[in-house]
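The block underneath contains the structure these notes are about, expressed in structure tokens.
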Amino acid sequence: MSLGPCEIFEVGPRDGLQSETREIAVADKVALVDKLTEAGFRRIECASFVSPKWVPQMAGSGEVMAAITRKEGVRYAALTPNMRGYQDALAAGVDEIAVFGSASEGFSQKNINASIAESLELFAPVLEDARHRDIPVRGYVSCVVECPYDGVVAPAAVAEVADRLFAMGCYEISLGDTTGAGTPDSIARMLLAVRDVVPAGRLAGHYHDTKGHAMANIDASLSLGLRVFDGAVGGLGGCPYAPGAPGNVATEAVNKHLTALGYVTGLDQSVLEEAAAMAQAMRG
Ligand code: HMG
Ligand code: MG
């Protein structure tokens, strides 16, 4: 029996690769994005227009955007922390951008050198300009359960940042369990608080499988109404400013899980497996 649509938002080319220390050729990143297009995604996060001093692996983002083969109906997205990154992203022809905030002060400082309040000030002109140009903006909230610097994060803190980003115009809020500490119970508590301020249909679960809980956290989220989940093929990734937090949940495993439950993802599992092998090989 079909349980209806459930979308996987692929973040592998950005979140998956950003922490890799070995230099990955632009051509390899482009080949991965093209393979993901073939797999049937509607949204693919390909790049990040951040300081190359902070995240060297994302330095060639403009070249990646220029060389991918675009398919109609697919949105190719990139991260932008400030107006500088936003302007570079526009010049590179991205279809959608993402701003990335945090529910914890410690992570916000380490990740973008700004407090939570300062980060929202950086995002405001980006959202304002994007609204005039009709460019969709996604909002990330990192550390929705635990912060590598500040420890346990209260659900109310997550709800507050999610609420602010949504009010500023983000069309969807992606909730990042950056350290993978979340369990079905703590994820449900967090989602119940966030759902009070942002409808479940505008939320995405961005779960890391660091402790093996990601799939159970997806199940808990499904029962609370979420139908969008972020994944990275091959389970690549983590965050350069969250030490010891590798492993976005693997897209190919999420797709298998969701389709076995009866959800329709529109993705081709065999092409996903090929993309996962490519991603793993890029890790070296
Ligand atoms: P800063 O040092 O405070 O910035 O960094 P600044 O404004 O003082 O500028 C310093 C230099 O960076 C200047 O260059 C600027 O021009 C340049 P210089 O004069 O020294 O030559 N600069 C830029 N260059 C390129 N692109 C830009 C840009 N902005 C300034 N956009 C800044 C502040 C935000 C730039 C920095 O902290 C940064 O780039 N941080 C990004 C960190 C990052 O990408 N982290 C990973 C993504 S978040 C994540 O992974 C979590 C998530 O996936 C969810 C999850 O997994 O849980 C979303
Ligand atoms: Mg991640």
Side-chain angles (χ1 to χ4, degrees), residues 8-20 45-62 77-92 94 97-104 106-116 118-123 125-126 137-149 153 158 161-162 165 170 172-182 187 190 204-210 214 217 229-251 254:
I8 304 179
F9 184 111
E10 175 60 39
V11 299
R14 191 282 300 176
D15 198 3
L17 297 181
Q18 69 184 5
S19 308
E20 294 298 320
E45 200 170 76
C46 308
S48 192
F49 292 90
V50 298
S51 164
K53 288 183 193 140
W54 286 64
V55 186
Q57 188 62 258
M58 291 290 110
S61 282
L79 247 55
T80 62
N82 52 19
M83 279 306 274
R84 161 74 197 277
Y86 171 68
Q87 273 146 6
D88 291 350
L90 284 186
V94 302
I97 60 157
V99 293
F100 47 106
S102 168
S104 77
F107 187 79
S108 186
Q109 284 293 349
K110 293 276 189 210
N111 197 40
I112 53 171
N113 202 23
S115 67
I116 295 172
E118 287 164 347
S119 76
L120 296 174
E121 279 170 33
L122 285 172
F123 304 153
V126 172
V137 183
R138 205 171 190 239
Y140 279 103
V141 183
S142 295
C143 300
V144 297
V145 171
E146 181 197 67
C147 167
Y149 308 104
V153 173
V158 184
V161 179
L165 290 173
C170 291
E172 182 173 272
I173 306 295
S174 173
L175 300 162
D177 179 18
T178 312
T179 65
I187 290 287
M190 180 273 297
H206 179 114
Y207 302 139
H208 286 203
D209 207 23
T210 322
N217 293 340
F229 296 99
D230 296 355
V233 277
L236 292 189
C239 174
Y241 297 99
N248 289 283
V249 67
T251 304
V254 178

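Every number for a ligand or one of its atoms is a count from 1 in the order of the listing. All values below come from the heavy atoms of this structure, side chains included, with hydrogens, waters and symmetry mates left out.
At distances below 3.5 Å, not a single donor-acceptor pair connects side-chain atoms of N248 with backbone N or O atoms of G231. A donor-acceptor pair under 3.5 Å is formed between the side chain of T251 and the backbone N or O of V233.
Of the listed residues (S174, G176, S142), the one carrying the non-hydrogen atom nearest atom 54 (C) of ligand 1 is S142. For atom 1 (P) of ligand 1, the choice among V50, V55, N113 with the nearest heavy atom turns out to be N113. Counting only non-hydrogen atoms, the option in Q87, E118, K110, R84 that gets closest to atom 15 (C) of ligand 1 is R84.
Between N248 and ligand 1, a contact under 3.5 Å exists for no N or O pair. For the pair Q18 and ligand 1, the shortest N or O to N or O distance falls below 3.5 Å. In terms of polar-atom proximity, defined here as any N/O pair under 3.5 Å, N111 does make such a contact with ligand 1. At least one N or O atom of F49, backbone or side chain, sits closer than 3.5 Å to an N or O atom of ligand 1. Looking at T178 next to ligand 1, an N or O pair under 3.5 Å apart turns up.
Draw a line from the Mg ion (ligand 2) to NE2 of H206 and another to OD2 of D15, and the angle between them is 90° (to 10°).
Counting atoms of ligand 1 from 1 in the listed order, those under 4.0 Å from a heavy atom of P52 are 24 (N), 25 (C). The atoms of ligand 1 that sit less than 4.0 Å from any heavy atom of L79 are 47 (C). Shown in contact with Y140 at under 4.0 Å from a heavy atom are these atoms of ligand 1, numbered in order with element: 58 (C). For ligand 1, the atoms lying closer than 4.0 Å to a non-hydrogen atom of G85 are 31 (N).
Side-chain contact between C170 and V99 is present, with heavy atoms from C-beta onward closer than 4.5 Å. Taking 4.5 Å as the limit, every side-chain heavy atom of L122 sits out of range of all side-chain heavy atoms of E118. For the pair T210 and T179, the minimum side-chain heavy-atom distance is 4.5 Å or more. Residues E45 and D230 have side chains not in contact (no heavy-atom distance under 4.5 Å, counting atoms from C-beta outward). Contact check for H208 versus V249: no side-chain heavy atoms found under the 4.5 Å cut-off. With a 4.5 Å cut-off on side-chain heavy atoms, Y149 and Q109 do not count as touching.
A pairwise comparison of heavy atoms in S48 and L79 identifies OG-CB, 3.5 Å as the closest pair.
With a 4.0 Å cut-off on non-hydrogen atoms, N82 touches ligand 1 through its side chain and not its backbone. Counting heavy atoms closer than 4.0 Å to ligand 1, residue E45 contributes nothing at all. Contact annotation: for M58 versus ligand 1, there are no heavy atoms closer than 4.0 Å.
At least one N/O/S atom of N248, whether from backbone or side chain, sits less than 2.8 Å from the Mg ion (ligand 2).
For E146, there are no salt bridge (Lys or Arg N to Asp or Glu O under 4.0 Å) partners, not counting sequence neighbours.
Of all N/O/S atoms in H208, NE2 sits nearest the Mg ion (ligand 2).
For the pair R14 and F100, the cation-pi test (distance below 6.0 Å, angle within 45°) is failed.
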